[in-house]
Structures are given as structure tokens and as C-alpha cells.
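Numbering of ligands and ligand atoms starts at 1, following listing order. Treat the numbers as computed from the prediction; the structure is a model and nothing was measured. We count residues from 1, following the sequence as given.
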Amino acid sequence: MNTILVGAQWGDEGKGKIIDLLAAESDYIVRYQGGANAGHTVRFEKKEFILHLIPSGILHRGKRCVIGNGVVVDPEALFQEIANLHRSGIRVDGRLFISEQAHLIMPYHKLIDRLQEESAHHGKIGTTKRGIGPCYADKMARLGIRMVDLIDGELFKERLAQVLSEKNRILNKIFDHPGLPFEEVYAKYAEYADRIKPFVTDTTFLLAQALKKKKRILFEGAQGTLLDVDHGTYPFVTSSNATAGGALTGSGVGPSQVRDILGVVKAYTTRVGEGPFPTEFGPDLMELVRNKGEEFGATTGRPRRCGWFDAVVVRHSVRVNGLNRIAVMKLDVLDVLPSIRIATAYKWGRQTLKTFPSNLRVLRECVPVYEEHPGWLCDTQGVKRYRDLPRKAQRYLARLSKLLDTPISIVSVGSHRDQTIFVR
Ligand code: IMP
């Protein structure tokens, strides 16, 4: 069975742990969008790994990992990650495949991302400053440079000269920045080209061959549905399709190949960066849940904003991804709360909204309609079976499932692999 795994909130749902578990039963693990803005934390053989660009399946020996055409690749971040893995005895050679159509993050993308965030003229998005937005913008404007262009020396030189002169004009005129010297950028990337070449291939062909042989593919989504450029809280989103559709365009696999679409949620909600967040906690609960849940960004270290579970948000995710099952993460973080809320709808003026509004002004003015559930006030971290969860925790999960009209197939009660409950 092939599975697309997506975040069903604003990212950081705990996808890394589930990817790691499902990777054990998969042959290929494919990243299909985003870039080094992601941070998938996996506990493996008593060590903690944070992977930004390479699929988390790389930790499993023998698994093949693909960085698909929809990903934007920063070679500097890639080689750093490969070096970190090598230090832990994990080799990537012969197991890591990078799409020849994947676009490259260039130094001017990172620079422009930072300058835009610092500029008073642009509304601040709170990006990770990894160059993601500017790189995808160039891809759509047909100004991007792909892996296949990089490894063809002549073509790369020509293309870089053309694009960099335009970028330098923008840097000079708009950002009052001296620009980047061609020779420096070229030399650095020419060196990357030699090192990256052995990994670069036609990954659509590779995956088609794998599917012919009935190999199992796990599509590893990054970020989350509410950060999707089409279906998220635009403009406070990332610049790619983090939803299930992105798995297909971002890998070149057709929709008939995948039926299992697993959405990952936290038992509450978090968000990093700017943008509306209707169920956000006040200061006391914020501190309690942030500390208990260790809610600090895996990529930037920024403290995450925390709030109650929002069923309006996740129902939206169920719909736009076609989720057929859900994994609920970090249930144990709620162990200490005497009472727990779920937002079931929003009040906007006199109207009750049951679907997620696209208008950000409306969303900002929405007040969540909550229902209150008694907390279970006991430790769930050691629970191994669903029926051994406290009754009140079972009721909370059953209510989530009902509100989302989708079965919960996995519940996580801690960061270790064995703190996972598979629900029949
Ligand atoms: P960008 O992807 O760096 O352009 O950032 C755009 C928005 O997406 C910001 O609000 C980031 O905080 C958010 N974001 C990007 N990647 C992640 C992630 O992996 N987890 C959570 N938020 C993310």
C-alpha cells in the first residue's frame, strides 16, 4: 500500500515519528515539497535526529529515499545533513536519489528572503529565512535553476549569468544591497555540482519502475495543510503545496497509485510564524503547554504558539486532502490539564461558521465556539493499548474522530517508538 502522509494543522504535528514508523514497512520514502524549512525530529537507536531535507526514511538501512521534483534543494544544507548522518554511521550513497527537475536554492534566494522579512514594505510572514519563497517564485516565473541545469556545466554558467544579473539589479535598486559577485557564486555551485551529480537522476522513472515491481512508497509531507499555498491561511503560508495533491505533482506519480492518505495532528494546535490562530492560548496555558510539549521550532528554535484543538481547521484538512485516517500526536501533553477544550465552530458576528473561512479579516475576527471536556489528570505515557487509556482520554479521542468524521488509527503518547498506540 502506498501512503501519503500530510500535516493537517500548521506543521510540526509530529510527522517525523510517524514517518519513521511507517518507513519500516515501506521501500521508498519520498519528499515532494518544501525544502530545508522543514524539521523532522526522529528518535532512532537512542539518538535524536533532525532532518530538514533528506527523507526521514534514510535512518532505516536499505530503504531508498527520494527528493522529488517538487522540493527546493539547498546544496549547502544537503551536504551538511549528509555529513551529520555519516558521523552517526548512516551512509546515503546508493540510497539517496534527487530529482533532476528539483530546483536549487541559490544564495540570492536566502538573501532576498531575509531582506524581505526585514523590510518595512513587505508584511512580515515570519519565514524560516531558508530562501523557500523566493526560490518557488523563480520556479513559477521561469527563472529557476534545476539540478539538471547545474550538472551541465556550460548551461549552468550561462543561466546563472543571466539570472544573477537580474537579481543583482533587484538587490541594488530595491534593497540597496551591493549584490552577489558572479565568480563567487559560480565557483561555489560548480563545486556542489561535482558532489551532487551522483545523486541526481530521473526520479519519476525510478518511482515508476518501483511501482511496477509493487514496491511500497511513503510520501513524506512537510509543513502542514494550513501552510499550503492554496489551501492555507494565505499569505501566512509556505510557498508550496503541502497537501496531498502536492505529493503527486511533486513526485511525478499519478493519483491512481495512492489511496491511503494519513493526516497527522497534535491533540492540541501549534503554529510558528505570523498569521491568525483562533484557538491560541492566553499566557498561562501557553507557557504550560509550550514547556510540557517542548514546543520550540526544530529548524529555527523559535517558540511555537500553542492553542486548543481546532476541529474547524482539521475538518478543512480532511476535505482538501481527502484524509481517510488520522494520527493524533502528543496526547500525553494534555495529561496535566483539568479541563480540555475543542473548537467546533466559529462565531463571526451573528453568524456561526462551520467551515474554515478563506478571508483572513474574517478569520481574525472569528471567536471559537468551544465545547469543554474533563481532563483525565493521569500519566498516559506508558499506555500501550487503546483500551488502557483513561476513559476520559478515550472519550476525548472519540469526540475528535466524530467531529472530523474520520477514524483515528494511531495515537502517540510520547516521543519514543514504543509510545505509540495502533487503533484497530
Ligand atoms: P517559509 O516556508 O520559510 O517561507 O515560511 C513560511 C511560513 O511557514 C512561516 O510561518 C514559517 O514559520 C512556516 N513554516 C515553514 N516551514 C515550517 C515547518 O516545517 N513547520 C512549521 N512551520 C513552518
Side-chain angles (χ1 to χ4, degrees), residues 5-19 31-42 49-56 70-74 76-77 81 103 105-106 108-119 122-140 220-243 246 250 263-266 268-277 280 290 293-307 313 317 329-330 360 363:
L5 179 143
V6 294
Q9 294 160 322
W10 274 282
D12 308 315
E13 296 90 352
K15 297 181 290 295
K17 176 177 162 174
I18 302 298
I19 293 158
R31 271 284 305 268
Y32 55 86
Q33 45 73 231
N37 50 348
H40 292 169
T41 308
V42 185
F49 293 86
I50 300 179
L51 292 152
H52 300 284
L53 204 47
I54 297 178
S56 313
V71 177
V72 286
V73 181
D74 177 356
E76 192 181 345
E81 209 158 299
H103 281 242
I105 300 250
M106 302 298 293
Y108 45 80
H109 292 137
K110 290 192 265 191
L111 181 60
I112 292 173
D113 196 357
R114 180 169 65 74
L115 293 172
Q116 278 179 340
E117 282 286 301
E118 287 166 5
S119 146
H122 280 268
K124 198 167 143 64
I125 303 287
T127 74
T128 59
K129 299 187 185 155
R130 298 295 191 271
I132 306 295
C135 183
Y136 278 114
D138 274 0
K139 175 176 176 174
M140 291 305 172
E220 171 176 346
Q223 290 85 45
T225 301
L226 277 296
L227 289 172
D228 180 283
V229 69
D230 284 278
H231 300 292
T233 42
Y234 193 89
F236 299 100
V237 292
T238 191
S239 301
S240 65
N241 283 119
T243 40
V264 184
V265 298
K266 264 179 203 162
Y268 47 100
T269 311
T270 63
R271 167 161 212 179
V272 207
E274 309 296 317
F277 180 1
E280 190 164 9
R290 184 181 280 154
E294 294 174 28
E295 296 295 354
F296 297 89
T299 300
T300 57
R302 290 181 290 176
R304 296 179 185 138
R305 300 155 65 191
C306 306
V313 159
S317 294
M329 313 303 289
K330 291 189 153 187
L360 236 59
L363 184 62

**Message:** So is Gln223 touching ligand 1 or not, going by heavy atoms under 4.0 Å?
**Reply:** yes
Q: May I ask you to decide if Asp228's main-chain N or O and Tyr234's side chain share a donor-acceptor pair within less than 3.5 Å?
A: no
Here the gap from Thr127 atom OG1 to Glu274 atom CD, rounded to the nearest 0.5 Å, amounts to 10.5 Å
The single option from Arg290, Arg305, Lys266 that satisfies salt bridge (charged side-chain N to carboxylate O under 4.0 Å, His left out) with Glu295 is Lys266
for atom 7 (C) of ligand 1, nearest protein heavy atom and its distance come out as Val237 O, 3.8 Å
Original post:
Side chain of Thr128, backbone of Asn37: donor and acceptor closer than 3.5 Å?
Top reply: no
Residue set satisfying ring pair (Phe, Tyr, Trp, His ring centres under 6.0 Å) with Phe277, at least two apart, ordered chain then number -> Trp10
Checking heavy atoms under 4.0 Å, the part of Phe236 that sits near ligand 1 is neither
Glu76 side chain reached by Ile105 side chain, heavy atoms, under 4.5 Å:
no
Honestly, for Leu227 the part within reach of ligand 1 (heavy atoms, under 4.0 Å) is side chain
min-distance protein heavy atom vs atom 5 (O) of ligand 1 -> Thr127 CA, 3.4 Å
### Task
Please verify whether a non-hydrogen atom of Ser239 lies at under 4.0 Å from ligand 1.
no
Is the closest N or O pair between Val272 and ligand 1 shorter than 3.5 Å?
yes
Output yes when the distance from some N or O of ligand 1 to some N or O of Asn37 is under 3.5 Å, and no in every other case.
yes
Here the atoms of ligand 1 under 4.0 Å from any heavy atom belonging to Ile125 are 10 (O)
So for Arg302 against ligand 1, with non-hydrogen atoms under 4.0 Å, the contacting part is side chain
Does Asp12, backbone or side chain, put an N or O under 3.5 Å from an N or O of ligand 1? yes
Exercise. Does Asp74 come within less than 4.0 Å of Arg130, counting only side-chain N to carboxylate O?
Worked result: no
Here the pair of heavy atoms bringing Gly70 nearest to Tyr136 is O-OH, 2.6 Å
Taken in chain and number order and not counting sequence neighbours, the residues that satisfy salt bridge (charged side-chain N to carboxylate O under 4.0 Å, His left out) with Arg302 are none
For atom 2 (O) of ligand 1, the closest protein heavy atom turns out to be Thr238 OG1, 2.6 Å
Per-atom filter on ligand 1: closer than 4.0 angstrom to a heavy atom of Trp10 are 21 (C), 22 (N)
The atoms of ligand 1 lying under 4.0 Å from a heavy atom of Ala38, numbered in the order shown, are 19 (O)
Give a yes or no on whether the backbone of Leu53 and the side-chain of Glu81 come within a donor-acceptor separation of less than 3.5 Å. yes
Closest to atom 3 (O) of ligand 1 among protein heavy atoms sits Thr128 OG1, 2.6 Å
For ligand 1, is Ala222 a contact, meaning one of its heavy atoms is under 4.0 Å away?
no
Original post:
Can you find a heavy atom in the side chain of Leu5 that is under 4.5 Å from one in the side chain of Ile19?
Top reply: yes
- request: Before signing off on this row, confirm whether Arg130 and ligand 1 have an N or O atom pair separated by under 3.5 Å.
  value: no
Atom 11 (C) of ligand 1 sits nearest the protein heavy atom Gly126 O, 3.5 Å
